[in-house]
Amino acid sequence: PVTAPASRVNAVTDAASYGAAIAPGEWVSIFGTGFSTASQIWTAGDFVNGQLPTSLGGVSVAIDGQPAYISYVGPGQINALMPADATIGPVSVQVTTPQGQSYPGTVMLQRLAPELFTWAQGSVTYAAAEHANGALIGPAGSLQPASAGEVIELYGTGFGLTSPQIPVSQAVFPPAILAAPVGVTIGGVAAQVKWAGLIGPGLYQVNVEVPSVAAGDQPLTMSIAGFQSAAGVYVAVGGS
């Protein structure tokens, strides 16, 4: 008789908004069971010849048959960087552990899937936005809100190719600007994008000038080449 797999993929999402679609070069989260008995995060020793690791603690992931780059492995979750892939549509996700291959999962692969990294306070989801000095932007009383006219820094994943193009597997590189322009709105008003590019493996930074909007939690959206980030993300803006 054939032995049943000891692990199973239950869901695959982007690692920022946990949406149902991913894109090449995007951070993804794989949820399931039986991936490992302990948690492990990549360290400097896992990078060989400047390349990201495709295995961590004996665990590897193949998305659409191609090896993904593993940053975290836990019993029920794996965080990985999607490799370059020209496929559009549903693709398979296969985890391999020291005990063998998992029951596979599937995920929708798109050309782009721009999403913002976030954090939550109460019932509000805020963008992981920073002032120029690196301080986290948040509601008054606990953090400092953004100000109209201020240039703030936003962070996300899934924004696509850069110029020059950086191989997904490369661990260290100078910042590279996005090949396609990014659109940003805050409170429904277009915000001027000052700079947008890749600053680390799968990590994009977008610097925008906060437009003149009312004080309070204002909705924030980002778009690139017809793809838009998830709704329900806010940035705290202070009064004048």
Side-chain angles (χ1 to χ4, degrees), residues 9-32 41-42 51-54 56 59-73 77-95 104-119 125 127-128 153-173 175-184 196-206 220-233:
V9 175
N10 293 332
V12 183
T13 70
D14 75 82
S17 69
Y18 303 112
I22 65 170
E26 181 161 31
W27 281 108
V28 302
S29 291
I30 302 162
F31 300 98
I41 300 174
W42 69 13
Q51 300 295 294
L52 303 178
T54 56
L56 199 61
V59 177
S60 60
V61 174
I63 304 178
D64 196 26
Q66 301 189 47
Y69 306 98
I70 314 298
S71 68
Y72 168 83
V73 172
Q77 181 177 342
I78 298 171
N79 291 340
L81 191 62
M82 172 67 199
D85 192 333
T87 301
I88 301 297
V91 295
S92 65
V93 180
Q94 180 78 66
V95 173
T106 60
V107 68
M108 180 62 66
L109 183 60
Q110 299 178 166
R111 185 167 61 88
L112 299 169
E115 298 296 351
L116 290 162
F117 287 106
T118 62
W119 61 281
T125 298
E153 301 169 358
L154 304 168
Y155 300 93
T157 189
F159 286 77
L161 298 178
T162 59
S163 179
Q165 188 171 341
I166 304 296
V168 177
S169 63
Q170 192 167 326
V172 179
F173 48 84
I177 63 171
L178 277 170
V182 178
V184 179
L198 189 69
I199 61 171
L203 178 63
Y204 296 81
Q205 178 177 325
V206 180
L220 171 64
T221 64
M222 304 188 74
S223 60
I224 182 169
F227 294 88
Q228 185 166 303
S229 62
V233 175

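None of the values given here were measured: they were computed from a predicted structure.
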- Item | Trace of the side-chain hydrogen bond (donor to acceptor under 3.5 Å, both in side chains) decision for Thr157 with Glu26 | CA-CA 5 Å; Thr157 189; Glu26 181 161 31; 4.6 Å; no
- Worked verdict on Ser29 versus Asn79 for side-chain hydrogen bond (donor to acceptor under 3.5 Å, both in side chains): CA-CA 5 Å; Ser29 291; Asn79 291 340; 3.0 Å; yes
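Note that the CZ atom of Phe159 and the CG atom of Leu203 stand 10.0 Å from one another [nearest 0.5 Å]. Between Asp64 atom CG and Ser92 atom OG the span is 6.0 Å, to the nearest 0.5 Å. A distance of 6.5 Å separates OG of Ser229 from CG of Leu220, quoted to the nearest 0.5 Å. How far CE of Met108 is from CD1 of Ile22: 10.5 Å, rounded to the nearest 0.5 Å.
Considering every non-hydrogen atom in both Leu178 and Leu161, the closest pair reads CD2-O, 3.5 Å. The minimum heavy-atom distance linking Ala171 with Pro201 is given by the pair O-CG, 3.5 Å. Taking each heavy atom of Ile41 and Leu56 in turn, the nearest pair found is C-CD2, 4.1 Å. Contact record, Gln165 with Pro167: O-CD, 3.9 Å, taken as the closest heavy-atom pair.
Within the 4.5 Å cutoff, the side chain of Val93 has no heavy atoms near those of the Thr106 side chain. The shortest side-chain heavy-atom distance between Val168 and Leu81 falls under the 4.5 Å cut-off.
Residues satisfying the side chain to side chain donor-acceptor pair (under 3.5 Å) criterion with Ser17, sequence neighbours excluded, are Asp14, Glu115. Every residue two or more places apart in sequence or in another chain that forms a side chain to side chain donor-acceptor pair (under 3.5 Å) with Thr221 is listed here: Thr185.
Checking side-chain atoms of Trp27 against main-chain N and O of Met82 turns up no donor-acceptor pair under 3.5 Å. Formation of a donor-acceptor pair under 3.5 Å by the Ser60 side chain with backbone atoms of Thr54 is not found in this model. Within the 3.5 Å criterion, the main-chain N or O of Gly160 finds a donor-acceptor partner in the side chain of Tyr204.
Centroid-to-centroid, the aromatic rings of Tyr155 and Phe117 stay 6.0 Å apart or farther.
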